[in-house]
Protein chains: 2
Amino acid sequence: MSSRIHHPGLKAKVMSAAEAAAFIQPGTTVGMSGFTGSGYPKAVPMALAERIKAAHARGEDFRINLHTGASTSTEMDGALAEADGVALRTPFNTDPTMRARINAGETEYVDTHLSHLAQTVWEGFYGPMHTAVVEVSAIRENGRLVPSSSVGNNKSWLDLADQVILEVNSWQSEDLDGLHDVYYETALPPHRKPVGVTHPADRIGVTDFGVDPAKVVAVVETHAPDRNSAFKPADADSVAIAQHLVEFFEHEVAQGRYDERLLPLQSGVGNVANAVMAELVKSRFHGLTAFTEVVQDGMLDALDSGTLSMASCTAFSLSTEAAERFNSHVNQYRDKLIIRTQEISNHPELVRRLGILAMNGMLEADLYGNVNSTHLMGTKMMNGLGGSGDFARNAFTSFFLTPSVAKNGAISCIVPMVSHVDHTEHDVHVLVTEQGLADLRGLSPKQRARVVIDKCAHPDYREQLRDYFDRAMRGSDGLHTPHLLGESLSWHQRFLETGTMRQG
Amino acid sequence: MSSRIHHPGLKAKVMSAAEAAAFIQPGTTVGMSGFTGSGYPKAVPMALAERIKAAHARGEDFRINLHTGASTSTEMDGALAEADGVALRTPFNTDPTMRARINAGETEYVDTHLSHLAQTVWEGFYGPMHTAVVEVSAIRENGRLVPSSSVGNNKSWLDLADQVILEVNSWQSEDLDGLHDVYYETALPPHRKPVGVTHPADRIGVTDFGVDPAKVVAVVETHAPDRNSAFKPADADSVAIAQHLVEFFEHEVAQGRYDERLLPLQSGVGNVANAVMAELVKSRFHGLTAFTEVVQDGMLDALDSGTLSMASCTAFSLSTEAAERFNSHVNQYRDKLIIRTQEISNHPELVRRLGILAMNGMLEADLYGNVNSTHLMGTKMMNGLGGSGDFARNAFTSFFLTPSVAKNGAISCIVPMVSHVDHTEHDVHVLVTEQGLADLRGLSPKQRARVVIDKCAHPDYREQLRDYFDRAMRGSDGLHTPHLLGESLSWHQRFLETGTMRQG
């Protein structure tokens, strides 16, 4: 395994994860690698969790502030949360143990646009970053670092941190080298320049990270797979959502608003996103591009079939099977994949310029096109908004996708008023459920309400929504966005009290 | 007056406003000039309103869909609304008669990010644009058009419309010629290029509009002032808000996060924005820049004093006195002002690159940093979000400003949950009221709540807010963003029922 470490000075710093974790001090801020379960450190976080537990057993305080790229895994967020080792977490999490800490009020969580975190840490109000813990796939003879399966914010953490701990993971394919595009020109204003990407396939950076070897206090060798993002076969609802989308693409091509190659696709993470790619593979569309955060199983299939000619991303989120397939054939993707820093993969400048078709999941939408991506019943954090805001605000067309009901129909995902807003009515162009697609572009709030009820609501809730809207049209103080404020959040309250949003 | 029309072919098309208005047909979409009460057509809209009234008197339907740059005046929005002549209005309005139509449900209103409207009309889902009605300050011999006191979306309307009506307003200073910067490279994707502005003073376009003379069906001569945006002397609350801001700037300079020249300022419209400029003029800050939508009286003073070295904008909003002063000394501002298309003045690419300090007013904010800029009690449209979203989402620091109470204290502008969200918790860095400044950067929702109550809430409402938050901390389903959903909008409901948000 040590063949991956080609710099003698850094090779001399190889030690155990426990020894490395001893460099991390209580109360400090740590920037770790990791994005959608890929490229996170596999050993040091667990060793740190043990160190924290031992400190707690001795009655000592030991918690850190933790920045990453996005979500990691049970070996990292899970272990650290289980040890109650995280005081503040940014910018994204999907781990259930960490989620429980956040929703119990035990860990503070700052849910942040993924393109924004690095610049805000550079800006300085989070305070100094004490340690960076970054997984890489190799260390070059000159000390430069070959990234692993996600790039995320690693460049910034390596530059900002006082000390650096590297994990060199020999499970990652050596052939990843050359796929990355690390951009080093993101200065703080007033020193910023245009980001020179005019096509998703444009490369603007270098293939590796620089780090001051003197800052590296430890190198840990690992051989461990990324999180298995289990691939579920598409259910009927996901397929229906995907079919509505592909039909809409055809319609827009027929109208002359998209050309045959569409525009670069951004696709969120999960089952529905995989189904969208599967439907595209079945469709006549060919030679498309993706400018997105994450490559999932479905996108890998679309690259294989030629449906996608290439994809720009910052990370992978693959099933075990797809990861094995990818790792043993990385060279086949050499001209088809670019793995960028997340500031660039999600950059609003590029999203607007390239004219992205942005497809993201959501928890709920309301009659007027406001979208809640994050908060269960308005108060509990599910995961976070991730990159959805980076993409939706500046997209050529922004799509938000969800099945029309959840919890076996006890929750309507179309509600009178969302219980939390992550995407405002101004940023939401198209809503899609398995029931249909609501094209809200150019519609006023009341026009949107009628389309959303007709096209997207589940039949079980359609009348209940119409009844609310009709009564709001009569009883609302103003008729721009009609609401009965005493009742607008009552569906959520009813769910909390009775276990269903259905009226008795 | 005819000396302003130097193109013989277009001179031959001079006619009365009534004759010109006859070209506008019922049910069509019209793009008019106008932004914050400057550069809107002064004669044709009133003539059109008369034409509409006459049609209505004959029992005929006659309404148009109306796009502009932003707000206009009683001579335009007021006259057309009074005639019930507008079916659909975008993207912004401040006229009280039009507002009443919108809130009565009689005119559909699509409240739109000001940098987004042109591209969405180009995209095509609003349907074809039948007529453009654009005020200019002169027509060159070669037929090119010298813009007047706002540029807004005029370039797009002139290019998109089937037919064009020009108003040549000789009240506008001839010296405006040369101040404009009209950018013609905003293609639809995939043909977009980087927008080459790296400093607010960079010019990237031309000083005039092109129009196909064959499309021009009428030229109307006017001599009429822009809307008088009456300057009110700053009240104590506005001064206090401005002082908190300037103190924060000093603090950030001391922390090394801003340099002595700060970063380019964006400043909303109104009394508070004028007060901010006045406080900056009194401060030690010098040689700053503005990258903003609108130049108001306060910004003109700041240019005069050298507090600002230059300002980039898309429009003016001046008092009668300031407009006279400006018009008679335009040449003094030749190197200090650039008037751009609103796609560029508000471009997210440039806002992020330049690192704007974005200061915008709001109606209310909630404990968790969500901001309502538009909806009175959640249902009635006040004006619209304007450019606030273009600037806030991508700003280096985003500030939202309001007095802590309205309606003589009957309304608290800090509430448990805002009744409508225009700016999400993810986009709001700093809240400022006359009570103080809440720096929310890097804080979790619960941490924000404590700072917002302590720093921004009016003393009369502070305990009521603390009581809500404390009870939510005990009774909320989740503790990431604690809420009591049955009560979170009760302050607004109480105001509607009793005339005050105060608890009995």
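Every chain is numbered from 1 and lettered A, B, ... according to where its sequence line falls, protein lines coming before strand lines. Because the structure is a prediction, the values reported are computed rather than measured.
Of the two parts of B/L385, only the side chain, counted from C-beta on, holds a non-hydrogen atom closer than 4.5 Å to a non-hydrogen atom of chain A. Only the side chain of A/T397 comes within contact range of chain B, with at least one heavy atom under 4.5 Å from a heavy atom of that chain. Only the side chain of A/Y126 comes within contact range of chain B, with heavy atoms under 4.5 Å apart. Within the 4.5 angstrom heavy-atom criterion, no atom of A/E497 approaches chain B. For A/H347, the part sitting under 4.5 Å from any heavy atom of chain B is the side chain, from C-beta outward, and nothing else. Interface remark: A/M473 contributes no atoms to any contact with chain B (heavy atom separation under 4.5 Å). Proximity to chain A is absent for every atom of B/I356, based on heavy atoms less than 4.5 angstrom apart. For chain B, no part of A/L117 is nearby; none of its heavy atoms comes within less than 4.5 Å.
Distance check: B/L496 CG to A/L484 CG gives 10.5 Å after rounding to the nearest 0.5 Å. Taken to the nearest 0.5 Å, the CG atom of B/L376 stands 11.0 Å off from the OG1 atom of A/T481. Annotation: the span from A/D259 atom CG to B/L188 atom CG amounts to 11.0 Å, rounded to 0.5 Å. Within the model, atoms CG of A/L479 and CZ of B/R101 stand 13.5 Å from one another, a figure rounded to the nearest 0.5 Å. A distance of 15.0 Å separates CG in B/L485 from CH2 in A/W491, rounded to the nearest 0.5 Å.
Between chain B and the options A/M377, A/K446, A/R261, the largest number of non-hydrogen pairs under 4.5 Å is found for A/K446. Between chain A and the residues B/E487, B/H492, B/H429, B/E425, the largest count of heavy-atom pairs under 4.5 Å involves B/E425. Ranked by heavy-atom pairs under 4.5 Å with chain A, the list B/E252, B/R393, B/Q493 is led by B/R393. For chain A, the option among B/V351, B/T107, B/T112, B/D427 with the highest count of heavy-atom pairs below 4.5 Å is B/D427. Ranked by heavy-atom pairs under 4.5 Å with chain A, the first of B/H483, B/H113, B/M381, B/H191 is B/H113. Options A/G486, A/G478, A/S490, A/A472 differ in how many heavy-atom pairs under 4.5 Å they form with chain B, and the most are formed by A/G478. Highest contact tally toward chain B, considering only A/G355, A/G105, A/G442, is held by A/G442 [criterion: heavy-atom pairs under 4.5 Å]. Listed options A/S419, A/P482, A/S115 were ranked by heavy-atom pairs under 4.5 angstrom with chain B; first place goes to A/S115. Ranked by non-hydrogen atom pairs under 4.5 Å with chain B, the options A/E106, A/Q447, A/H116, A/R192 are led by A/R192. Note on B/T120, B/N103, B/L443: by heavy-atom pairs under 4.5 Å with chain A, the leading option is B/N103. In terms of non-hydrogen atom pairs under 4.5 Å with chain B, the most contact-rich of A/L263, A/T90, A/V197 is A/L263.
Between B/V421 and A/H420 the shortest side-chain heavy-atom distance does not fall below 4.5 Å. At a threshold of 4.5 Å between non-hydrogen side-chain atoms, the residues B/P190 and A/H199 do not count as touching. Side-chain contact between B/V110 and A/R448 is present, with at least one heavy-atom pair separated by less than 4.5 Å. Side-chain atoms of A/R352 and B/E349, non-hydrogen and from C-beta on, never get closer than 4.5 Å to each other.
Around CZ of B/R471, the count of heavy atoms belonging to other residues, nucleotides or ligands within 6.0 Å exceeds 12.
Scanning both residues, B/T198 and A/P194, for their nearest heavy atoms gives CG2-CD, 3.7 Å. Across all non-hydrogen atoms, the minimal contact from B/R441 to A/E123 is NH1-OE2, 3.4 Å. The heavy-atom pair separating B/D111 from A/H426 by the smallest distance is O-ND1, 2.9 Å. Between B/P189 and A/F396 the shortest heavy-atom distance is CG-CD1, 3.5 Å. Looking at every heavy atom in both residues, A/L489 comes nearest to B/S488 through CD1-OG, 3.5 Å. Across all their heavy atoms, A/K380 and B/D477 have their closest contact at CE-O, 3.6 Å.
Considering B/T379, B/I102, B/T374 as possible partners of A/H480, the one that fulfils the side chain to side chain contact (heavy atoms under 4.5 Å, CB included) test is B/I102.
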